[in-house]
Amino acid sequence: MSIQYILEIIGTFAFAISGALAVKDLQNPDWFAALFTAFISSIGGGTLRDILLGSYPLVWISDITIIYAILAGVLATFIFFKFLLRLRKTLFLFDTFGIALFTIVGTEKALHLGVKPEIAVIMGVFSATMGGVIRDVMTNEIPIIYRKEVYATACLAGACSYLIFNDLGMERNTAFISASLVIIVIRLLAVKFEWSIPRFFR
């Protein structure tokens, strides 16, 4: 079992918690709502990536462990709900770990499928962000990529870092973890210092 696969499962678990927590303010946050939102948050981006790349069967269809990781995330949210809510910015933290891991997984998979590096970067960003976009739409939130905070840009920086690390001949697992850390650090610093992307219209 590779470190990349382990991190992918951890990312799925983190996104499932993020999705399950997102339904807490809905009018009827029942088990189905939590499960469905967690599922979409976890596999939405990867499914879109695989469809665009023509990669079948979809990863969550071919690997049942993905489903179990989502179920474990929802169950953990149910059991530790009050504890998770007491943690400051819990949703943000789980989302950050999720996008970091999914960006690099998506970028690496696209490269293995033979696409150009520029397309691989786009697929990495799609893998990380689109599940969260769908989650936000489903829970009547403004999608996070349209808010002021640095989000997709951090994923872009991480995906580009992974390409650079690869070109420099860095060992695969080291490159994977290092590029993931680039995203996490950018996200944490952006929130701490209130960084934002320059406005398009002034």
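Side-chain atoms are counted along with the backbone in the values below, which use heavy atoms only and exclude waters and symmetry mates.
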S.K.: Can you check whether P143 reaches V137 side chain to side chain, under 4.5 Å on heavy atoms?
M.R.: yes
S.K.: Quick one, I99 with F15, criterion side chain to side chain contact (heavy atoms under 4.5 Å, CB included). Give me CA distance, side-chain angles, the key distance, then yes/no.
M.R.: CA-CA 8 Å; I99 65 169; F15 260 144; 3.6 Å; yes
S.K.: Using the ring-ring contact (aromatic ring centres under 6.0 Å, His included) criterion, which residues pair with F32? Sequence neighbours excluded.
M.R.: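 Residues passing ring-ring contact (aromatic ring centres under 6.0 Å, His included) with F32: F36.
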S.K.: If Ile, Leu, Val, Met, Phe, Trp and Tyr residues are connected whenever their side-chain heavy atoms lie under 4.5 Å apart, and connections chain through other members, are W60 and V74 in the same group?
M.R.: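 Yes.
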S.K.: Are M170 and I184 connected into the same hydrophobic cluster when the rule is that any two of I, L, V, M, F, W, Y join if their side-chain heavy atoms are below 4.5 Å apart?
M.R.: no
S.K.: T12 side chain to I66 main-chain N or O, any donor-acceptor pair under 3.5 Å?
M.R.: no
S.K.: Starting from the C-alpha separation in whole Å, work towards a yes-or-no answer on side chain to side chain contact (heavy atoms under 4.5 Å, CB included) for C155 and T129.
M.R.: CA-CA 8 Å; C155 300; T129 61; 4.1 Å; yes
S.K.: Tell me whether I10 is reachable from I183 by hopping between hydrophobic residues (I, L, V, M, F, W, Y) whose side-chain heavy atoms are closer than 4.5 Å.
M.R.: yes
S.K.: Could you list the residues that satisfy salt bridge (charged side-chain N to carboxylate O under 4.0 Å, His left out) with E108, not counting sequence neighbours?
M.R.: R172
S.K.: Can you name the closest pair of heavy atoms from I186 and A157 and give their distance?
M.R.: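 Reported closest heavy-atom pair: CD1-CB, 3.6 Å.
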S.K.: Using the rule that two of Ile, Leu, Val, Met, Phe, Trp, Tyr join whenever any of their side-chain heavy atoms come within less than 4.5 Å, decide whether I197 and I145 are in one cluster.
M.R.: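 No, separate clusters.
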S.K.: What residues form a salt bridge (charged side-chain N to carboxylate O under 4.0 Å, His left out) with R187, not counting sequence neighbours?
M.R.: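 E149.
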S.K.: Have Y146 and D136 got a donor and an acceptor in their side chains that come within less than 3.5 Å?
M.R.: no
S.K.: Would a single hydrophobic cluster contain both V182 and M123, if residues Ile, Leu, Val, Met, Phe, Trp and Tyr are joined by side-chain heavy-atom contacts under 4.5 Å?
M.R.: no
S.K.: If the plane angle is over 60° it's perpendicular, under 30° parallel, otherwise tilted; pick one for F193 and W195.
M.R.: parallel
S.K.: Are V121 and C160 close enough that some pair of their side-chain heavy atoms sits under 4.5 Å apart?
M.R.: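 Yes, at least one pair of side-chain atoms sits under 4.5 Å.
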S.K.: As a quick check of understanding, evaluate side chain to side chain contact (heavy atoms under 4.5 Å, CB included) for F78 and W31, giving each step before the final call.
M.R.: CA-CA 9 Å; F78 176 74; W31 270 90; 3.5 Å; yes
S.K.: Any sub-3.5 Å donor-acceptor pair from T47's side-chain atoms to I43's backbone N or O?
M.R.: yes
S.K.: Between the main-chain N or O of V23 and the side-chain N or O of T139, is there a donor-acceptor pair closer than 3.5 Å?
M.R.: no
S.K.: Do you see a donor-acceptor pair shorter than 3.5 Å between the side chains of T37 and R135?
M.R.: no
